[in-house]
Enquirer: 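Dropping a structure here in structure tokens format, bear with me for questions.
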Amino acid sequence: MQSGMIRPLANMLPRNLFNAEHEAFRETVRKFYAKEVVPNTAKYEQQQHVDRDLWNKAGAMGLLCATMPEQYGGSGVDRLYSMILIEEQAYAMDSSTGFSLHSDIVANYIFNFGNEQQKQQWLPRMASGEVVTAIAMTEPGTGSDLQAVRTTAVAEGDEYVINGSKIFITNGYLCDMAIVVCKTGSSDKGSANLSLIMVEADRCGFSKGKPLNKIGMKGQDTCELFFENVRVPKENLLGMEGMGFMMLMKELAWERMLVAIICQAGAEAAFAHTVQYTKQRQAFGKLISAFQNTRFKLAELRTEIDFCRVYLDRCMQLQLTENLGIDAAAAAKYKISEMFSKVVDECLQLHGGYGYMMEYPIARAYIDNRANRIYAGTNEIMKELISRSL
Ligand SMILES: Cc1cc2nc3c(=O)[nH]c(=O)nc-3n(C[C@H](O)[C@H](O)[C@H](O)COP(=O)(O)OP(=O)(O)OC[C@H]3O[C@@H](n4cnc5c(N)ncnc54)[C@H](O)[C@@H]3O)c2cc1C
């Protein structure tokens, strides 16, 4: 049996994004995953969510909302720190922690579109892990077609009254607050009808389903949320009424980059495990790594991984200067998630029957990976976005 923690192979194409401070942070994250997460994987998978206090531990180590300014509890660092956190999660072969969605998506919505009072109210507590957050867009009846959401928020005096339900919500079970995509208008232009409303989990009428029974990512908290006449003050509106779709579009490019980063690092981890395995296992009196088929397969995979790495790191540079286009981010998500699927499938094959056994990291990678082509916009939607830019 192999342990989950691994590094990408040293002889992959060198990268040039990170400085010494980034590398020191990487070391901190690596230790956190080795000590706090990897030993508890079986427990998280059994209960279908991480322990609540893992969030506080991550907060205490400065791993949550690190890119937020210090005045809001963060460290004011660049998004390469987010990249490192996600990469180390992937190198640990962990799919239980939902930190990135909280720190790199929800926090950005509040920071970019919230007023000062909302930022003060939520961001420091998100950074410490006191508050866990989710973003609730998808509904049982609609996912890709966001403009068709049916959860309504009707204005009544100083309040909104929310009715509807959401499904497949990451961090949903443990969340203390969710940003909920609601329909607040009925204009012909569907995109003008959506608003983002922050709903605290202890509001009367807000309830959560049990964590959903997924085929993979078993330790990640994913559930349904229900809203029955939930009353929230109008101050909980994020940005302006009817601007929800525009706000979602702004942040979705970065959300797609997050998935591309997971997939790239996941492919590197799967590849490293496989090279290691084929150098230990024998058949017909030879190491598996000595067969020409194995060597050619590994050469093909290494080439694909390196090519995607260059594209992704270039996109990351563009992201840092806020020059990354929606189409390029969509291409990164589409291509790198497809690449990861191919890599993990070929790598499992090179493990033979052991690759089908859950105690081997490659088996978990195989099933956990599948969702990457679906969430943050399916790969078909990514192709729509790319084609629109032509
Ligand atoms: C593990 C997991 C975590 C998730 N976390 C979250 C979360 O935190 N918050 C959240 O809001 N959602 C979340 N989701 C939901 C996810 O974003 C949606 O599942 C996804 O957007 C697809 O929506 P859908 O499931 O309704 O599929 P549908 O939209 O019904 O799509 C079904 C099929 O039709 C295709 N299709 C749809 N429209 C088109 C088109 N125009 N052209 C071509 N093909 C099309 C799709 O590509 C897909 O193959 C999560 C999902 C999973 C699996």
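In listed order, ligands and their atoms are each counted from 1.
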Enquirer: So which protein heavy atom does atom 6 (C) of ligand 1 come closest to, and at what separation?
Expert: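 The closest heavy atom on the protein side is Phe168 O, 2.7 Å.
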Enquirer: Less than 4.0 Å between a side-chain N and a carboxylate O, is that true for Arg30 and Glu27?
Expert: yes
Enquirer: What protein heavy atom lies closest to atom 49 (O) of ligand 1? Include the residue and the distance to one decimal.
Expert: Glu380 OE1, 3.5 Å
Enquirer: In plain terms, say whether Asp51 and Lys43 are close enough for a salt bridge, that is, a side-chain N and a carboxylate O under 4.0 Å apart.
Expert: yes
Enquirer: Is it true that Lys342 and Glu304 have a side-chain N and a carboxylate O under 4.0 angstrom from each other?
Expert: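 So Lys342 pairs with Glu304 through a salt bridge.
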Enquirer: Taking N or O atoms only and a 3.5 Å limit, does Gly377 qualify as a polar contact for ligand 1?
Expert: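 In this structure, Gly377 places no N or O atom under 3.5 Å from an N or O of ligand 1.
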Enquirer: Could Arg125 and Glu130 be called an ion pair, given the rule that one side-chain N must be under 4.0 Å from one carboxylate O?
Expert: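 Result for this pair is yes, salt bridge flagged.
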Enquirer: Before signing off on this row, confirm whether Ile135 and ligand 1 have an N or O atom pair separated by under 3.5 Å.
Expert: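 Yes.
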Enquirer: To the nearest 0.1 Å, how far is atom 12 (N) of ligand 1 from its closest protein heavy atom, and which atom is that?
Expert: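 Protein heavy atom at minimum distance: Thr138 OG1, 2.7 Å.
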Enquirer: With the threshold set at 4.0 Å, does a side-chain nitrogen-carboxylate oxygen contact exist between Lys335 and Glu338?
Expert: no
Enquirer: Could you tell me whether Gly143 and ligand 1 have an N or O pair separated by under 3.5 Å?
Expert: yes
Enquirer: Right, does atom 30 (O) of ligand 1 have protein non-hydrogen atoms nearer than 4.0 Å?
Expert: no
Enquirer: What I want to know is whether Ser144 and ligand 1 share at least one N or O pair that is separated by under 3.5 angstrom.
Expert: yes
Enquirer: For atom 42 (N) of ligand 1, is the nearest protein heavy atom under 4.0 Å away?
Expert: no
Enquirer: Considering the heavy atoms of Met137, write down every atom of ligand 1 situated less than 4.0 Å from one of them.
Expert: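 Close to Met137: 10 (C), 11 (O).
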Enquirer: Give the contacting part of Thr378 toward ligand 1: side chain, backbone, both or neither, where contact means a heavy-atom distance below 4.0 Å.
Expert: side chain
Enquirer: With only distance considered, is Thr170 within less than 3.5 Å of ligand 1 through an N or O on each side?
Expert: yes
Enquirer: Does any donor atom in the side chain of Thr222 or Lys214 lie under 3.5 Å from an acceptor atom in the other side chain?
Expert: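 Side chains of Thr222 and Lys214: pair found under 3.5 Å.
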Enquirer: Under a 3.5 Å threshold, yes or no: a donor from one side chain and an acceptor from the other, between Ser195 and Thr184?
Expert: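 Note: Ser195 and Thr184 side chains meet the donor-acceptor criterion.
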Enquirer: Just need the protein heavy atom nearest to atom 39 (C) of ligand 1, so name the residue and atom and give the distance.
Expert: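 Its nearest protein heavy-atom neighbour is Ile381 CD1, 3.8 Å.
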Enquirer: Using modelled atom types only, decide if a donor and an acceptor are shared between the side chain of Asp368 and the backbone of Met217 within a distance under 3.5 Å.
Expert: yes
Enquirer: Is Arg52 salt-bridged to Asp176, cutoff N-O under 4.0 Å?
Expert: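 Yes, charged N to carboxylate O under 4.0 Å.
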Enquirer: Is Lys214 close to ligand 1, meaning an N/O of one under 3.5 Å from an N/O of the other?
Expert: no
Enquirer: When you compare ligand 1 with Tyr375, is there at least one nitrogen or oxygen pair between them that comes in under 3.5 angstrom?
Expert: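 N/O-N/O distance under 3.5 Å: no.
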Enquirer: Under a 4.0 Å heavy-atom limit, does Leu101 contact ligand 1 with its side chain, its backbone, both, or neither?
Expert: side chain
Enquirer: Pairs of nitrogen or oxygen atoms closer than 3.5 Å, one from Gln220 and one from ligand 1: do any exist?
Expert: no
Enquirer: Can you check whether a protein heavy atom sits less than 4.0 angstrom from atom 33 (C) of ligand 1?
Expert: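 It does not: no protein heavy atom is found less than 4.0 Å away from atom 33 (C) of ligand 1.
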Enquirer: May I have the step-by-step check of side-chain hydrogen bond (donor to acceptor under 3.5 Å, both in side chains) for Asn379 and Ser337, ending in yes or no?
Expert: CA-CA 8 Å; Asn379 281 8; Ser337 63; 2.9 Å; yes
Enquirer: How far is atom 20 (C) of ligand 1 from the closest protein heavy atom, and which atom is that?
Expert: Ile374 O, 3.6 Å
Enquirer: Less than 4.0 Å between atom 2 (C) of ligand 1 and some protein heavy atom, yes or no?
Expert: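 Within 4.0 Å: yes, protein heavy atom nearby.
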Enquirer: So that I can tick it off, tell me whether Glu268 and Arg7 are bridged by a salt bridge, with the cut-off set at under 4.0 angstrom between side-chain N and carboxylate O.
Expert: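 Result for this pair is no, no salt bridge flagged.
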Enquirer: If only side-chain N and O atoms count, and only distance matters, is there a donor-acceptor pair under 3.5 Å linking Tyr72 with Gln120?
Expert: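 No, Tyr72 and Gln120 have no side-chain donor paired with an acceptor closer than 3.5 Å.
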